[in-house]
Number of protein chains: 2
Amino acid sequence: MEHNNKHNEVKFQNPHLTVDVVVFSIVNEQLCTLMIKRQRAPFQGNWALPRAEINPKLDASLEFTAKRNIKLLLDVDTPYLEQVQTIGNNERDPRGWSVSVVYYSLIAENAFPVKENAQPLKWMTINETLSKALSFDHQHIIENCYHRLQNKSLYTSLPIFLLPEEFTLTELQKTYELVLGIKMEKKSFRRRLLDAGFLQETGRMRHANHRPALLYRLSERQPYYFARIIEGVRDSKNID
Amino acid sequence: MEHNNKHNEVKFQNPHLTVDVVVFSIVNEQLCTLMIKRQRAPFQGNWALPRAEINPKLDASLEFTAKRNIKLLLDVDTPYLEQVQTIGNNERDPRGWSVSVVYYSLIAENAFPVKENAQPLKWMTINETLSKALSFDHQHIIENCYHRLQNKSLYTSLPIFLLPEEFTLTELQKTYELVLGIKMEKKSFRRRLLDAGFLQETGRMRHANHRPALLYRLSERQPYYFARIIEGVRDSKNID
DNA sequence: CGAATAGTGTCTATGAGACAGTATGCT
DNA sequence: AGCATACTGTCTCATAGACACTATTCG
């Protein structure tokens, strides 16, 4: 069974395969990810990403596995799900070669972990996940997803999926700023979004103790791709 | 073993897992992918993408598996390799649930299939792959990689990896045009590339029966990301 | 010299950021 | 009225495309 793998036909035992999801949401004006406390070794008692095995009888595809798991955890259908990467090596799991297909999902605030879940679930702020020790290489995975989200937010309408159906332009700008960690210029932000043409006025308004704001909704389910990236205000690019 | 997969702990048999590579190169001024003729069922005798099993003893990671396979087929180290997607479902292989981690690779012309390979290998033009019946969902996979390559070429320096170490700006423009299927404007192309600052003059020149051209090389191994996408000449965007 | 390709000068178009101004609702 | 936030007018700036021009080598 040694050297004739030129033919790609030698059979090796398949490495262990799972589907991991990084669910982003905004909770208390903070970008958070959904984490789960592990019930058994390895990393027992540590926080980890939700993970699902493929159920060949139940799941038609990897994407379905991811969706099924999100539904199980939060009882919502995610409005945005994207496959980010697949990590596979012999170091990430002490039990041996393992492979994770990683998805990230964006959902609006107010999705609460399902109570009947056996494991403790919680929304952990992105800063917390990036600074504290997590299970396996999950910190690394979250970092990758976060970078992808940030990067894509520079030239797409992705952050909209972190908001409810109806939202004001100011709320949307705040969401972009939260995700990107930069301040944006109001006029150029609004011009960019409105000129793109994928926002629809709902006719309703958001009221507070000042001038009410128009409420918008998406007219397309697909994210919009802009031709240029956001540059951010020209001095002091970082919020923090 | 039915319903308590809330705990993500029910063990299912792992689906079959492979690493597939779409190797792009320019052969005879045509964008091509490396294809292999299948020696056994299913799809015996049909063209397919090169595919490798993970060898847990040999491979430290999925990326290593991909590199190992390219080396085996062409005896080159690819200058660019990127994971595109992982496809897994119960329809793509008649034998059942199967998962492919897909990479694409860019290499310069003049990499020839290794002769001792048992299977017949060939460079197939992208048009041929997209029009003729291939094995499994490989046409679909190639299409995805091709779109990713085209899309990324609009805002990165990727097409450079399809050229040898040293190249002229005209050769580079031709490569972009070939990949993107659009004509580009000479001045803006050169300005864009030179202003980015990642090209280095080699001091040598390409000679022919006309004015010789400066030869350039990359000064960084990482692809460069532009802030704006290529728009292409404003009328008649398509070549074909 | 002429053919052919390399390479440039400079105009317009687009869309981003800057910044100050106006609009409208609540208390 | 006056505060707070919504929304706009219009300037500058960066970078893309248009297009015509000049430069250099070979035969």
Side-chain angles (χ1 to χ4, degrees), chain A residues 29 153-157 163 166-177 180 182-199 201-216 224-239, chain B residues 29 153-157 163 166-177 180 182-199 201-216 224-239:
Chain A
E29 313 200 345
S153 296
L154 288 174
Y155 59 92
T156 69
S157 57
L163 290 174
E166 300 193 357
F167 50 85
T168 69
L169 287 182
T170 302
E171 288 163 4
L172 184 51
Q173 183 175 343
K174 286 257 177 350
T175 307
Y176 268 90
E177 291 176 339
L180 292 173
I182 61 173
K183 275 278 174 218
M184 298 179 64
E185 211 287 317
K186 182 162 58 170
K187 185 63 200 287
S188 23
F189 180 81
R190 299 169 93 92
R191 188 178 41 208
R192 180 178 167 98
L193 273 288
L194 291 175
D195 286 1
F198 58 80
L199 292 182
E201 292 185 15
T202 63
R204 269 182 297 281
M205 310 198 91
R206 176 90 70 221
H207 290 269
N209 62 341
H210 52 261
R211 176 172 173 179
L214 285 171
L215 282 166
Y216 291 86
Y224 180 87
Y225 286 73
F226 297 92
R228 294 175 53 173
I229 63 167
I230 291 168
E231 299 167 22
V233 290
R234 294 213 155 109
D235 53 330
S236 70
K237 280 205 158 189
N238 298 314
I239 287 183
Chain B
E29 312 198 346
S153 296
L154 288 174
Y155 59 92
T156 69
S157 57
L163 290 175
E166 300 193 356
F167 50 87
T168 69
L169 288 181
T170 302
E171 287 163 5
L172 184 52
Q173 184 176 340
K174 288 256 177 350
T175 306
Y176 267 89
E177 291 177 339
L180 293 172
I182 61 174
K183 275 278 175 218
M184 298 177 65
E185 211 288 316
K186 182 163 56 167
K187 185 62 199 291
S188 23
F189 180 79
R190 301 168 92 90
R191 190 177 41 206
R192 181 177 167 97
L193 272 288
L194 291 176
D195 287 359
F198 59 79
L199 292 183
E201 292 185 15
T202 64
R204 270 183 297 281
M205 309 199 90
R206 176 89 72 221
H207 290 270
N209 61 342
H210 53 260
R211 175 173 175 177
L214 284 172
L215 282 166
Y216 291 87
Y224 180 88
Y225 285 73
F226 296 93
R228 293 175 55 171
I229 64 168
I230 292 168
E231 298 167 22
V233 289
R234 294 216 155 106
D235 53 329
S236 69
K237 280 206 160 190
N238 298 314
I239 286 182

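Excluded from the calculations below are hydrogen atoms, water molecules and symmetry mates; all remaining heavy atoms, backbone and side chain alike, are included. Proteins come first, then strands; the chains are lettered A, B, ... in the order of their sequence lines, and each starts at number 1. This one's a predicted model, so the numbers in the text were calculated from it and none came from an experiment.
Distances were taken from every side-chain heavy atom of B/E231 (C-beta onward) to each of D/dT25, C/dA6, D/dG17; the shortest belongs to D/dG17. Among the nucleotides D/dC26, C/dA6, D/dC7, the one closest to any side-chain atom of B/N209 is D/dC26. Of the candidate nucleotides D/dC26, C/dT27, D/dA14, D/dA14 has the atom lying nearest to any side-chain atom of A/R228. Taking only side-chain atoms of A/K186, from C-beta outward, the nucleotide of D/dT8, C/dG17, C/dT5 with the closest atom is D/dT8.
At C/dA4, none of the side-chain N or O atoms of B/R211 fall inside 4.0 Å of OP1 or OP2 (strictly under the cut-off). Here A/R192 reaches the OP1 or OP2 of C/dA16: one of its side-chain N or O atoms lies under 4.0 Å away. Using a 4.0 Å cut-off, some side-chain N or O of A/T170 falls inside it from OP1 or OP2 of D/dA6. Of the side-chain N and O atoms in A/S188, none sit less than 4.0 angstrom from OP1 or OP2 of C/dA16.
Classified by interplanar angle (parallel below 30°, tilted 30° to 60°, perpendicular above 60°), the ring pair B/F189/B/Y176 is perpendicular. Ring pair A/F198/A/F226 is perpendicular by interplanar angle, where above 60° counts as perpendicular and below 30° as parallel.
Scanning atom types as modelled, one donor and one acceptor separated by under 3.5 angstrom connect the side chain of B/K187 and the base of C/dG9. For a distance-only test at 3.5 Å, the side chain of B/R191 fails to qualify as a donor-acceptor partner of the base of C/dG7.
Under the 4.5 Å side-chain criterion, counting only non-hydrogen atoms from C-beta, A/L163 is not in contact with A/Y216.
Side-chain atoms of A/E201 never come within 3.5 Å of backbone atoms of A/L214 as a donor-acceptor pair (strictly under, hydrogens ignored).
In this structure, A/A227 reaches neither bases nor backbone, as no heavy-atom distance under 4.0 Å exists between it and the strands shown.
For the pair A/P212 and B/L214, nearest-nucleotide mapping onto DNA chain C gives the more 5' position to B/L214.
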